[in-house]
Amino acid sequence: MKKKQLILCLCLLTSTFAWSGNSQKNGSSDPEEAIVKELVAKKKDFIGKKIEAVCDFLVQKKSFIINSVTTTETSPWIPGTDGKIYVDEVVFFSKDDDQMHSGLTYYTINVVVKSPQVLDSEFWKDIPDDETWIEVFVNKAKNFIIKDIYCEKTTSSSHEIYE
């Protein structure tokens, strides 16, 4: 009887370690973190392609839901901007604004865009103020060409960048 219990215990431990190893893929048991790490590891595959490729990657992975979006802009004082403010990055957030402000851990996928040069004010002009705004935003950004990708993890006490 003790031999059966010992074998059962060893089997349980072995399966627990195997499950733990699988959940630690990319060094994380957090599925969102695993996805951003995988995306950064594969960013060479995305550079030069449309943002739509990143969106397709996220849809395929299913664990990173885009809950908020924004852009970052160029400075009007940078040479070559002609004093105008252009979209520089498209940023996807894993949590919505309320969740981020409540102290939950969240991730961002920051996609630096190469082209086309779009004025930030023009980009945002037709984004509706209703429940469809994220979908409309993504549809407007999907043809931007990717120059670089980096991701960030923010917790209530730390901030980490994956490049």
A.B. asks: Tell me if a side-chain donor or acceptor on T155 pairs with a main-chain N or O of S158 at a distance below 3.5 Å.
C.D. replies: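 Checking the backbone N and O of S158 against the side chain of T155, a donor-acceptor pair under 3.5 Å is found.
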A.B. asks: Please examine the side chains of T70 and W124, heavy atoms only from C-beta on, and report whether any two atoms are closer than 4.5 Å.
C.D. replies: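 Yes, their side chains come closer than 4.5 Å.
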A.B. asks: Atom CD1 of I35 and atom CG of L58: how far apart are they, to the nearest 0.5 Å?
C.D. replies: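 That separation rounds to 7.0 Å.
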A.B. asks: Would you say the side chain of D30 lies within less than 4.5 Å of the side chain of Y107, judging by non-hydrogen atoms?
C.D. replies: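 Yes. Closest side-chain heavy atoms under 4.5 Å.
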A.B. asks: Sequence neighbours left out, what pairs pass ring-ring contact (aromatic ring centres under 6.0 Å, His included) with at least one residue falling in residues 42-99?
C.D. replies: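 Only F46-F57 qualify under ring-ring contact (aromatic ring centres under 6.0 Å, His included).
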A.B. asks: Is the NZ or CZ atom of K140 both under 6.0 Å from the centre of the six-membered ring of F123 and within 45° of that ring's axis?
C.D. replies: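 Yes.
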A.B. asks: Between I66 and I134, does the side-chain contact (heavy atoms from CB on, under 4.5 Å) criterion hold? Intermediate values first, please.
C.D. replies: CA-CA 8 Å; I66 299 170; I134 293 175; 4.1 Å; yes
A.B. asks: With a 4.5 Å heavy-atom cut-off, do H159 and K153 have their side chains touching?
C.D. replies: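 They are not in side-chain contact.
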A.B. asks: Quick one, V113 and I145 - any side-chain contact, counting heavy atoms below 4.5 Å?
C.D. replies: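 Sidechains of I145 and V113: no contact.
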A.B. asks: Salt bridge check, E32 against K95: does any charged N sit closer than 4.0 Å to a carboxylate O?
C.D. replies: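 A salt bridge links K95 with E32.
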A.B. asks: What are the two closest non-hydrogen atoms of I65 and K62, and how far apart are they?
C.D. replies: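 Nearest pair, atom of I65 first, then K62: CD1-O, 3.9 Å.
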A.B. asks: Kindly say whether I146 contributes a backbone atom to a donor-acceptor pair with the side chain of D148 at under 3.5 angstrom?
C.D. replies: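 Between the backbone of I146 and the side chain of D148 there is no qualifying donor-acceptor contact (under 3.5 Å).
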A.B. asks: Between E73 and D88, is any pair of side-chain heavy atoms under 4.5 Å apart?
C.D. replies: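 Result no, sub-4.5 Å side-chain heavy-atom pair not found.
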A.B. asks: In sequence, state the C-alpha distance, the side-chain angles, and the governing distance for V36 and I109, and then conclude on side-chain contact (heavy atoms from CB on, under 4.5 Å).
C.D. replies: CA-CA 7 Å; V36 297; I109 297 172; 4.0 Å; yes
A.B. asks: Does I127 share a hydrophobic cluster with V111, counting links as ILVMFWY side-chain heavy atoms below 4.5 Å and allowing steps through other members?
C.D. replies: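 Shared cluster, yes.
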A.B. asks: Just checking, is any N or O donor in the side chain of Y162 or E33 under 3.5 Å from an acceptor N or O on the other one?
C.D. replies: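 The criterion, which ignores hydrogens and geometry beyond distance, is satisfied for E33 and Y162.
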A.B. asks: Are Y150 and V112 close enough, and set up right, to give a side-chain contact (heavy atoms from CB on, under 4.5 Å), and what steps lead you there?
C.D. replies: CA-CA 8 Å; Y150 65 96; V112 182; 4.0 Å; yes
A.B. asks: How long is the gap from OG1 on T74 to CD1 on I85, to the nearest 0.5 Å?
C.D. replies: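 Separation between the atoms: 7.0 Å.
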A.B. asks: What's the spacing between N110 CG and T72 OG1 if we round to 0.5 Å?
C.D. replies: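 Going from CG on N110 over to OG1 on T72, the span is 7.5 Å.
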A.B. asks: I need the K114 NZ to K147 NZ distance, nearest 0.5 Å.
C.D. replies: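 Separation between the atoms: 8.5 Å.
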A.B. asks: Compare all side-chain heavy atoms of E135 with those of V138 and state whether any distance is below 4.5 angstrom.
C.D. replies: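 Result no, sub-4.5 Å side-chain heavy-atom pair not found.
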A.B. asks: Just wondering, do L39 and I149 contact through their side chains at under 4.5 Å, heavy atoms?
C.D. replies: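 The answer is yes; the side chains approach within 4.5 Å.
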A.B. asks: Do V54 and V136 share a hydrophobic cluster, counting only Ile, Leu, Val, Met, Phe, Trp and Tyr and linking them when any side-chain heavy atoms are less than 4.5 Å apart?
C.D. replies: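 Same hydrophobic cluster.
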A.B. asks: Got a salt bridge between E163 and K43, using NZ or NE/NH1/NH2 to carboxylate O under 4.0 Å?
C.D. replies: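 No, no charged N to carboxylate O under 4.0 Å.
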A.B. asks: Quick one: pull up OH in Y106 and CG in N67 and give me the separation to the nearest 0.5 Å.
C.D. replies: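 It is 13.0 Å, given to the nearest 0.5 Å.
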A.B. asks: With side-chain hydrogen bond (donor to acceptor under 3.5 Å, both in side chains) as the criterion, how do D96 and S68 come out once you've worked through the C-alpha distance, each side chain's angles and the decisive distance to 0.1 Å?
C.D. replies: CA-CA 5 Å; D96 64 31; S68 190; over 6 Å; no
A.B. asks: Out of curiosity, does L119 fall in the hydrophobic cluster containing F144 (side-chain heavy atoms, cut-off under 4.5 Å, transitive links)?
C.D. replies: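 Shared cluster, no.
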A.B. asks: Can you tell if the side chain of T105 reaches within under 4.5 Å of the side chain of T154, non-hydrogen atoms only?
C.D. replies: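 Side-chain contact under 4.5 Å: no.
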A.B. asks: Output the distance between atom CG (D56) and atom CD1 (I51), rounded to the nearest 0.5 Å.
C.D. replies: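 Rounded to the nearest 0.5 Å, the CG-CD1 separation comes to 12.0 Å.
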A.B. asks: Under the rule for ring-ring contact (aromatic ring centres under 6.0 Å, His included), what residues qualify as partners of W133, not counting sequence neighbours?
C.D. replies: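 Applying ring-ring contact (aromatic ring centres under 6.0 Å, His included) to W133 gives none.
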